[in-house]
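Inspection log for the structure reproduced underneath, given as structure tokens.
Heavy-atom basis, side chains included; hydrogens, waters and symmetry copies ignored.
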Amino acid sequence: LLKLCQAPKPLLRSISCWTTARFSHWICNEHINPQSGEVLRSVLQQFLQRLLDSNKRVQEAACSAFATLEEEARWQLAPYLTDIVPVLSKAFQYYQAKNLLILYDAIGTLADAVGPELDSPAYKQALLQPLVQKFESTADNDRSIIALFECLSSLAQNLGPSFLPLCPTLVQRCQRIVLNGAQAAQMWQQNPNEFEKPDREVMAASIDLLSGMVEGLQGRVSEVLQHHNFLAVVPEVLKDTALNVKQSAFALVGDSAKHCIEFLAPFLPQLLPLCAKSLRENTSATVSNNASWAIGEICVKVGPDFMSNYLEDIVGALIQALARQNGQRQHLLMQNVCITLGRLGVVSGHQMGKQFEQFARLWCMVMQEVRPDNEKINAFQGLCNMIKANPQVGLSCPAEMAGAISTLCPAPPNLEPQFREILTGYKQQLGPNWANLWAQMPADVKARLQHMYQLGS
């Protein structure tokens, strides 16, 4: 196949690149291919030569094949960056239209694959210079800007503070596109016969690029926000009905809460009710997921006093989403909503205790399925706070609660004493009824509870 990548006929060269890429998993996996390093080097050499082929079809096939290989190779590409980056940079001189979109994808995928390894002055100059030229020469209504923004977003996330000098220019343009798009969307919604439907994908890509910059710069994004607080566009954008725009906007809210809450704070009185509204409307699982996640990120930063005014509305919306999804079995959304309820329990345990009985049983059932990571541990701290505030609730679903607690095995040291107190407390309160309850519990749950808390019938 690698020999055929050099064949005189362009069709043979392109189909050979495509076929070789189908073997990417084998090429990059040393467990099933002992010569993995050697083969990867040879494949890369051929793909990079063909990326600069004189035939457009071959360029397209080689660039797509390279992008497929990148996804499997990931960090294994780091030693070859000195070969890869100049070729990708040079491709800008030859590529047009469709091939340019594939090139943007290949560069974005490279940034995600090797991460900070790309953060060297030579690599940045080689890739960012042609990208900035494209950014300046591509019109707002040219749809290739979507792929360009996705590429820049990947670079922003992986280059971090090195990306800072580019940010003001990108921010101003994204802000303009988003605001113009939001206004055009409102006009179109009010009078669809008179106005043209705006391109929401360009709007969503602009919001995603802003998110990429927030995520990459983290705390240092404040240096950009001091001059351009682009978060001012978010409440306006969330009035749009387009789901992809809302999904991106809630992701931006969550990222901003995490890294620059002080710049988001002025807009929270508008944003928190919009999060609740979106959860109630439940137009899409991904929009609801992002709205729920954003609430969780906000609450841990602003604290209980600020949240108290919004808690009833937000928790009502989360419970509604949870109950509705229970019928549809949207597992990921249900888990995310439960994690957010748990985070609210960490921050506002006392207030959350009042509403706890409305979702306690379902919460425990859903959380049994969640993988044991830090988010789960944090949510269970919220559970402990809510039980402390309203201990009677656990008596309405002791089996589900014991089952949920048993899934954290071994129990985190900070939660183990609280879990022990909760479980032994319910056992005592249930008295003779505990034996029946114990008999109905699955064997694996009983084994874990016996091992960790010495519980029995």
Taking only Lys NZ, Arg NE, NH1 and NH2, and the carboxylate oxygens of Asp or Glu, determine whether [X] and [Y] approach each other closer than 4.0 Å.
{"X": "Arg280", "Y": "Asp313", "result": "yes"}
{"X": "Lys258", "Y": "Glu215", "result": "no"}
{"X": "Glu71", "Y": "Arg74", "result": "no"}
{"X": "Lys246", "Y": "Glu281", "result": "yes"}
{"X": "Asp140", "Y": "Arg176", "result": "yes"}

Please say which of Leu383, Val315, Asn336 ends up in a side-chain contact (heavy atoms from CB on, under 4.5 Å) with Leu341.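 Option passing the side-chain contact (heavy atoms from CB on, under 4.5 Å) with Leu341: Val315.
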Distance in Å, [X] [atom1] paired with [Y] [atom2], rounded so as to fall on 0.5 Å steps:
{"X": "Leu179", "Y": "Met203", "atom1": "CG", "atom2": "CE", "answer": "8.5 Å"}
{"X": "Gln172", "Y": "Phe230", "atom1": "CD", "atom2": "CZ", "answer": "12.0 Å"}
{"X": "Gln320", "Y": "Gln358", "atom1": "CD", "atom2": "CD", "answer": "11.0 Å"}
{"X": "Lys301", "Y": "Cys260", "atom1": "NZ", "atom2": "SG", "answer": "8.5 Å"}
{"X": "Ile314", "Y": "Thr340", "atom1": "CD1", "atom2": "OG1", "answer": "10.0 Å"}
{"X": "Asn414", "Y": "Ile377", "atom1": "CG", "atom2": "CD1", "answer": "7.5 Å"}

If you define the side chain from C-beta out and look only at heavy atoms, does anything of [X] sit under 4.5 Å from [Y]?
{"X": "Val214", "Y": "Leu252", "value": "yes"}
{"X": "Tyr104", "Y": "Lys134", "value": "yes"}
{"X": "Ile387", "Y": "Met401", "value": "yes"}
{"X": "Met213", "Y": "Cys167", "value": "yes"}
{"X": "Gln59", "Y": "Leu103", "value": "no"}
{"X": "Gln381", "Y": "Leu415", "value": "yes"}
{"X": "Phe149", "Y": "Leu170", "value": "no"}
{"X": "Asn180", "Y": "Gln183", "value": "yes"}

Do other residues, nucleotides or ligands put more than 12 heavy atoms under 6.0 Å from the CD atom of Glu369?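 No - once you tally the heavy atoms of other residues, nucleotides and ligands closer than 6.0 Å, there are 12 at most.
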Output every pair passing ring-ring contact (aromatic ring centres under 6.0 Å, His included) with a member in residues 262-316, not counting sequence neighbours, ordered by first then second residue. Phe306-Tyr310
Side-chain donor-acceptor pair present, [X], [Y], cut-off under 3.5 Å:
{"X": "Gln189", "Y": "Thr241", "value": "yes"}
{"X": "Asp112", "Y": "Asn158", "value": "yes"}
{"X": "Gln49", "Y": "Gln6", "value": "no"}
{"X": "Gln368", "Y": "Thr407", "value": "no"}
{"X": "Ser153", "Y": "Gln157", "value": "yes"}

Applying salt bridge (charged side-chain N to carboxylate O under 4.0 Å, His left out), name anything that partners Arg361, two or more places apart in sequence or on another chain. Glu400
Going by the rule salt bridge (charged side-chain N to carboxylate O under 4.0 Å, His left out), which residues pair with Asp240 if we only count those two or more places apart in sequence or in a different chain?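 Testing Asp240 for salt bridge (charged side-chain N to carboxylate O under 4.0 Å, His left out), a comparison that skips the adjacent residues, returns Arg200.
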Please confirm whether Tyr95 and Phe92 have ring centers closer than 6.0 angstrom. no
Any sub-3.5 Å donor-acceptor pair from Ser292's side-chain atoms to Ser288's backbone N or O? no
With a cut-off of under 6.0 Å to the ring centre and 45° to the axis, is Arg41 in cation-pi contact with Tyr80? no
